[in-house]
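Worksheet: the structure to be examined is printed underneath.
Values below: all heavy atoms of this structure, side chains included; hydrogens, waters and symmetry mates excluded.
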Amino acid sequence: MCGIAGLFYPATPKPVEPARVRAMAEAMAHRGPDGAGVWTAPGVGLAHRRLSVIDVAGSPQPMASADARYTIVFNGEVYNYGELRRELVARGHVFASEGDTEVLLQGYAAWGPALLDRLVGMFAFAIHDAHTQTLFLARDRLGVKPLHYVELADGALAFASELKGVMAHPLLRRVPDVRAVEDYLAYGYVPDDACLLAGVRKLPAGHFLLVERGKPVPAPRRWWEVSFAERARGSAAALEEEALALLREAVRSRMVADVPLGAFLSGGVDSSTVVALMAEASPRAVTTCTIGFDEAGHDERAYAAEVARRFATDHHERVVRANDIALLPTLVAAFDEPFADASALATYQAAALAREQVTVALSGDGADEAFAGYRRHRFHAAEERVRGLLPGGWRAPLFGGLGRAWPKADWAPRPLRAKTTLLALAGEGDEAYARAVGMTSPAMRAQLFSVEGRRALGGHRAEDRYIAAMRAAPAREALDRAQYADLTIWLPGDILTKTDRTSMAVGLEAREPLLDHRLVEFAATLPSSLRLRAGRGKWLMKQAMRRHLPETILHRTKMGFVTPVSAWFRNTLAEEAAGLARSRVLAETGWFDLDRVARLAEAHRSGREEHGRTLWQFVMLERSLARMFG
């Protein structure tokens, strides 16, 4: 795994100072502690930081082709590079190295952008073509690896794996974008089609950008999209066998490495599936790493230990405090943009533990999005069935009236907390789902923004992104549309950003076998009854793994990493929450009603109301703005 950076002048080939692109890469030195390289030519400069995983002694970057026409910098892994290499050799190509970087380089020479369709892996890379005077940027199908780019005042296109890479260029104008703040307050992360720094863009997952000298920078072009429009044929038993075969291949292909390799193991069905199939494929004991908490309600070590014993893994665990607030500055620095998924604290700690044992760790990310594993998927499917029974003209007054009358009872048992569900049923399904994935409601955000902030937003509303994605989805059913939006918005924006930044912060390569695109494409064709059945998500995947995993693992309640942010703001972080109203950084934006923020903090601290997640968002936002804009 690596960090890449570069500059390209589309209008005219201005000289590029090697020190400038080197500084951009050095800002991301944590992504590649094993080596560095810089290459420049008229109008272009590429830089690289390397974490050696495959062909450790060879494959230095930037790498040029034998005829010097093509030069590449690459972040990621191509798991089928051996197969592609054999195909290229058969076409007459001669290789000077043993790794996947040269396969990308020669594959692009042979097939151009069509190379992307042949790749199995996670990647973000840049290739300069000296003959056509073009720069080609590409990102993997699901957005496992990041890539940011921006057009600078001197006409250069700057790009880097992380935002801090482009921020290292002195010509970048650091102006915050209030629309990204609206998105962040809605979701808890800045989505891939937005950025806290105005003008900076993220190359979307499954897209490439081809920049030609003498032409303006074009819009990115989509080269892959998951489709839920088709349905697989065959019996449940046959599809179960196909799912298991795809799972096996996804795990096996990601076990290729020339350095120590292991797995994260939470004891949940996803990570346990990965470990089970790794153990099946490995001639030696699999290294597994588990984080436990000193709070019994959040501690999954017993489940992880059960899986470790079953597969005789070399198991490592560490008990950490769920409220390790000392890590906040580290997380702010790792993410650049504000990131309020509090499970990032535990994910960072899990990555740090794994890095003590291995250089590469396989994770269970992606199964919930691909196979409908989230509770919100079950709720959405059930709500849509209810909506289908009554026309909208009846639902709105009936459920809307009940919802407005129903008391807000966050403290009550779940069956009595019906207010949100009733109000959701009164509206349309896509609007309800867009709100269900969020952290802070539109009504609350409207109160937190000042008049000036609302004016600056110009009508921009975060939920519209999800609604548009669901309505445009290549899909048949409501569940399809929800999963499509999660795969294209939530997955790259939250889950994959969290895993990439926390693992790279400690120099660990994380791989996601359950996001093998062939497995995701297969899951998207499954009838909804094979994804979600009897109130249980990931049904077919669990069926496929029932010969490998015990019932206690397959069907236990999903826990996930939990951080007690609400409790923090009633004790450890109470003063920091109260201090938000006095924040110079927040005040200078003019976007917020800080008196309202102060009242929220006090109402939460006193226990009268629950605003832990919103306060956490503001703390992380304030710290990110302070770090980025000073």
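Within the 4.5 Å cutoff, the side chain of I127 has no heavy atoms near those of the T71 side chain. Looking at V38 and P18, their side chains come closer than 4.5 Å, going by heavy atoms from C-beta outward. Residues V360 and V259 meet the side-chain proximity criterion, which asks for heavy atoms closer than 4.5 Å.
Under 3.5 Å, the side chains of Y484 and E225 contain a donor-acceptor pair of N or O atoms. Between the side chains of D183 and H460, at least one donor-acceptor pair of N or O atoms lies under 3.5 Å. Using a 3.5 Å distance cut-off with no hydrogens or angles, the side chains of K498 and S343 do pair a donor with an acceptor. At a cut-off of 3.5 Å, with distance as the only test, no side-chain donor of D500 or T497 sits close to an acceptor on the other residue.
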Working for salt bridge (charged side-chain N to carboxylate O under 4.0 Å, His left out), residues E26 and R49 | CA-CA 7 Å; E26 289 303 308; R49 290 290 316 199; 2.8 Å; yes
Take V358 and L508, measure what side-chain contact (heavy atoms from CB on, under 4.5 Å) needs, and give me the verdict at the end.
-> CA-CA 8 Å; V358 298; L508 177 77; 4.2 Å; yes
Would T359 and E509 satisfy side-chain contact (heavy atoms from CB on, under 4.5 Å), going step by step from the backbone distance to the final call?
-> CA-CA 6 Å; T359 307; E509 177 176 299; 5.7 Å; no
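Ion pairing between a basic and an acidic side chain is recognised when a charged N comes within 4.0 Å of a carboxylate O; D516 and R254 show such pairing. Contact check on K202 versus D193 returns no salt bridge, with no Lys/Arg side-chain nitrogen under 4.0 Å from an Asp/Glu carboxylate oxygen. The pair E17-R22 fails the salt-bridge criterion, with no side-chain N (NZ, NE, NH1 or NH2) lying under 4.0 Å from an Asp/Glu carboxylate O. A salt bridge links R445 with E182; the closest basic N to acidic carboxylate O contact falls under 4.0 Å. The pair R627-E337 does not meet the salt-bridge criterion, since no charged nitrogen lies less than 4.0 angstrom from a carboxylate oxygen.
The environment of R179 atom CZ is sparse: at most 12 non-hydrogen atoms of other residues, nucleotides or ligands sit within 6.0 angstrom. Residue K215 qualifies as open at atom NZ: its count of foreign heavy atoms under 6.0 Å is 12 or below. Taking a 6.0 Å sphere around CZ of R221, one finds it holds 12 or fewer heavy atoms contributed by other residues, nucleotides or ligands. Within 6.0 Å of atom CZ in R173, 12 or fewer heavy atoms from other residues, nucleotides or ligands are found, so the atom counts as exposed in its surroundings.
A donor-acceptor pair under 3.5 Å is formed between the side chain of S450 and the backbone N or O of G590. No side-chain donor-acceptor contact under 3.5 Å links R139 to the backbone of V144. With R50 contributing its side chain and C2 its backbone, the two residues share no donor-acceptor pair below 3.5 Å.
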Distance-only criterion, 3.5 Å: show the donor-acceptor pairs between side-chain atoms of residues 150-158 and protein atoms not counting sequence neighbours.
| unit_1 | atom_1 | unit_2 | atom_2 | d |
| --- | --- | --- | --- | --- |
| E151 | OE2 | R201 | NH2 | 2.9 |
| D154 | OD1 | A156 | N | 3.1 |
| D154 | OD2 | Y9 | OH | 2.6 |

Show me, pair by pair, the donor-acceptor contacts under 3.5 angstrom made by side chains of residues 107-120, not counting sequence neighbours?
| unit_1 | atom_1 | unit_2 | atom_2 | d |
| --- | --- | --- | --- | --- |
| R118 | NH1 | E87 | OE1 | 3.3 |
| R118 | NH1 | E87 | OE2 | 2.7 |

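Ring pair F123/W223 is parallel by interplanar angle, where below 30° counts as parallel and above 60° as perpendicular. Ring orientation note: the planes of F335 and F339 are close to parallel, at an angle under 30° on the 30°/60° scale. Using bins of under 30°, 30° to 60° and over 60° for the plane-to-plane angle, the ring pair H604/H611 lands in the tilted bin.
The two residues W591 and D177 have their closest heavy-atom pair at CH2-C, 4.1 Å. The heavy-atom pair separating V73 from L46 by the smallest distance is CG1-CB, 3.8 Å. In this structure, A334 and K164 approach most closely via the heavy-atom pair O-NZ, 3.6 Å. Considering every non-hydrogen atom in both G143 and A205, the closest pair reads N-CB, 3.3 Å. Summarising the geometry of I489 relative to A469, their closest heavy-atom pair is CD1-CB, 3.8 Å, with the distance given to 0.1 Å. Of all heavy-atom pairs spanning A126 and I4, the tightest one is N-CD1, 4.3 Å.
Screening V597, L448, V565 for a side chain to side chain contact (heavy atoms under 4.5 Å, CB included) involving T614 leaves a single residue, L448. Each of T499, L142, L491 was checked for a side chain to side chain contact (heavy atoms under 4.5 Å, CB included) with D365, and the lone residue meeting it is T499.
The side-chain hydrogen bond (donor to acceptor under 3.5 Å, both in side chains) test applied to S65 returns D67, not counting sequence neighbours. Every residue two or more places apart in sequence or in another chain that forms a side-chain hydrogen bond (donor to acceptor under 3.5 Å, both in side chains) with R213 is listed here: Q133. Partners of A168 under the side-chain contact (heavy atoms from CB on, under 4.5 Å) rule, at least two apart in sequence or in another chain, are M24, A27. A search for side-chain contact (heavy atoms from CB on, under 4.5 Å) contacts involving M439 returns A340, R613, Q617, not counting sequence neighbours. Applying the side-chain hydrogen bond (donor to acceptor under 3.5 Å, both in side chains) criterion to H207, with sequence neighbours excluded, gives no partner residue. Taking the side-chain hydrogen bond (donor to acceptor under 3.5 Å, both in side chains) definition, one finds that Q61 meets it with H48, T101, sequence neighbours left out. Taking S583 as the reference, V585, L586, E622 meet the side-chain contact (heavy atoms from CB on, under 4.5 Å) condition, with sequence neighbours excluded.
Ring centroid separation for the pair F449 and F592 comes in under the 6.0 Å cut-off.
The salt bridge (charged side-chain N to carboxylate O under 4.0 Å, His left out) analysis of residues 586-598, with sequence neighbours excluded, yields the pairs R584-E588. Among residue pairs with one or both ends in residues 17-45, those qualifying as ring-ring contact (aromatic ring centres under 6.0 Å, His included) are W39-H128; sequence neighbours excluded. Residue pairs meeting the ring-ring contact (aromatic ring centres under 6.0 Å, His included) criterion with at least one partner in residues 156-189, sequence neighbours excluded, are Y187-Y189, Y187-Y466.
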